[in-house]
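Any value given below was found using the heavy atoms of this structure, including those in side chains, with hydrogens, waters and symmetry copies removed. The sequence lines fix the lettering, A, B, ..., with proteins before strands; numbering per chain opens at 1.
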Amino acid sequence: MIELEKVCRSFALGEARVHALVDVDEHIREGERVAIMGPSGSGKSTLLNILGCLDKPSSGIYKLDGREIGGLDEVELTDVRRHQIGFVFQFFHLVPRLTALENVELPMVFAGISPAERRERARQAMTRVDMNQRVGHRPDQLSGGERQRVAIARATVMGPRLLLADEPTGNLDSVSGRQVLDLLDGMNDRGLTLIVVTHDPAVARRADRGLVMTDGKIVRRLEKSDLAALAGITDAAGVSP
Amino acid sequence: MGVGVAAVILLTALGEGAREYVSTQFANIGSNLLIVIPGKTETTGALPGMGGAPNDLTLDDVQAIQRRLRQVQRVAPIAMATATVSRGELSRQVAVIGTTSDFLEVRNLSLGRGQFLPVGDLQRGAPLAVIGEKVAEELFPGQNPLGQVVRIDAWRMRVIGVLAPRGTQVGVDIDDIVLIPVATAMRMFNRSSLFRVIMEVRAYADLDATTDAVTALLAERHGEEDVTILSQDSVVSTLEDILGTLTLVLAAIASISLSVAGIGIMNVMLVSVSERTSEVGLLKALGVSQPQIVAAFLAEATLLSLTGGLLGVAFGWAGVLVVVSIYPDLPAHPPGWAVGAALAVAMGVGMVFGVLPARRAARLDPIMALARR
């Protein structure tokens with residue numbers, strides 16, 4: 001589903017050029033569950049933005065479903081983001097003035113879907129994340145875990161095939177973090193491709209495989225067993241759920 | 001924004017009101033009028049009526065006009081001064097106007113009670129007076145003034161009529177005057193020249209020809225051209241020009257406050273863009289295109305300025321109502337063009353100044369926008 005070939009991304013920072021990604025090659029199959037790990041500044045977020053079509057590679061080729069993303073204009077990129085990709089953020093990014101249901105409706109508003117259909121689909125999405133009791137609440141009336149579930153409902157309401165999550169549990173306590181991860185896993189089981197950026201080995205261990213990044217490069221590829229071992233070490237140290 | 005629109009509406013309403021006030025004041029008196037003022041700027045170098053008139057404008061001149069110029073329908077000579085009018089212990093300073101029976105029609109007034117000054121010989125000064133409604137109330141509280149005697153300075157005059165209430169006309173409170181025969185007034189005030197002569201011409205079309213005829217007649221009688229003749233029309237149109245310009249100037253001043261309001265909107269929008277960078281980034285991530293984001297912010301700016309504009313119209317209107325309740329004589333109401341233009345400018349300014357922040361919002365880097373909490 002995802003093919004990256006010698007993808008580079010560099011930014012001009014004053015006179016200097018910062019190389020956030022250097023020659024990244026990777027293939028991700030449909031329905032896979034991939035964790036991206038690495039220290040801050042290693043290029044995880046840049047990679048996620050490129051995968052999410054929010055950013056384009058400076059060089060190299062990114063193909064999503066066989067379609068070369070680098071050659072698309074802004075309108076086509078917008079369309080890809082709208083229909084193919086869902087985003088889940090660490091800080092939820094719900095619009096505080098809108099109710100939970102209206103937040104879920106938001107992507108459909110700009111896609112020109114009729115109000116009645118919007119409402120119906122938003123309710124279904126809220127039911128899938130088990131939030132149908134709280135549709136009328138505003139974000140500040142919801143707990144962190146509930147907010148993240150609303151955000152997941154919003155990310156999936158347009159029926160994307162790729163879900164990108166940036167530290168989805170970074171702001172949650174362990175119980176609600178686990179609920180959110182269970183939810184994401186459930187969606188992955190139904191065929192949604194899931195890519196999670198995380199520091200947390202306990203989050204990473206749920207993935208099929210892991211990519212460890214340093215200085216803009218993928219330095220290690222971890223299999224399921226490696227991830228479990230990694231999590232085991234931190235479990236033993238008692239630093240993680 | 002609201003303040004700007006309100007200012008435009010209030011100021012133009014005042015300007016228009018003043019203009020209308022002046023024209024209705026003059027319309028009260030009819031437009032076929034010519035006014036003769038002794039003295040001529042060109043001949044003496046002094047302002048008309050400010051002395052330096054080589055020859056008096058006399059009752060004989062008035063009689064000559066009456067007899068020789070057929071196109072003049074009515075002639076009302078005017079001699080005017082302020083005098084103390086008293087009855088017993090009650091006294092009052094009022095404008096005393098010496099004139100003739102034609103004054104009533106020329107000034108478009110009507111009589112409330114009794115009779116007006118008698119028609120007849122100009123030169124005969126009878127001791128008669130017609131008083132304004134207010135004078136009647138003050139000097140004869142609760143009594144019928146007709147047939148009673150008042151003193152004007154040292155002169156005893158019999159009241160034969162009371163004018164109908166009229167209010168102010170061309171700056172003179174008609175209710176607070178006393179009218180006496182012109183010859184009496186000239187003797188009373190010891191004047192040899194009339195203050196001015198008002199003539200009503202039969203047909204509006206004859207106005208210019210009559211002006212020339214009167215000028216020629218008086219030049220013949222005085223041996224030189226020494227009067228100034230104004231037509232009511234020229235005075236009115238000059239005043240209307242001045243007040244129309246004033247309205248425009250007021251509108252221009254007010255529109256400056258409108259553009260200041262526009263900059264205010266731009267600031268509000270810029271702040272709202274920076275406050276909502278993360279929302280803008282989110283919208284982009286959700287698959288909202290740049291034009292849609294621009295449109296959303298523009299819609300917000302437009303709504304802001306429209307709300308401000310409508311509030312301004314409401315406030316302006318309220319201000320006008322307040323002014324009208326304080327000065328009921330001033331027919332102040334905002335002209336339609338001013339309301340429309342103010343609203344249109346408000347919207348336009350709002351949209352123009354909304355574009356910049358909207359474009360800035362749309363260009364925001366979603367990555368940067370979302371990185372922040």
**Interface residue of largest heavy-atom contact number with chain B, from A/L77, A/L48, A/L106, A/V75, under 4.5 Å** = A/L106

**Request:** Return the minimal non-hydrogen interatomic distance between A/F89 and B/A285, and the atom names on each side.
**Result:** CZ-CB, 4.0 Å

**Request:** Taking atom CG of A/D65 as the centre, report whether more than 12 heavy atoms of other residues, nucleotides or ligands fall under 6.0 Å from it.
**Result:** yes

**Prompt:** Which one of A/R154, A/M158, A/R81, A/R82 satisfies the side-chain contact (heavy atoms from CB on, under 4.5 Å) criterion with B/L286?
**Reply:** A/R154

**B/K284 NZ to A/T78 OG1 distance, which is reported to the nearest 0.5 Å** = 8.0 Å

**4.5 Å side-chain heavy-atom contact, B/L282 and A/L94** = no

**Asked** How long is the span from the CG atom in A/D79 to the OG atom in B/S289, to the nearest 0.5 Å?
**Response** 9.5 Å

**Message:** If you count heavy atoms of other groups shown closer than 6.0 angstrom to NZ of A/K217, is the number above 12?
**Reply:** no

**Message:** Just so I understand: if I count every heavy-atom pair under 4.5 Å between each of A/P96, A/C53, A/P107 and chain B, which residue has the most?
**Reply:** A/P107

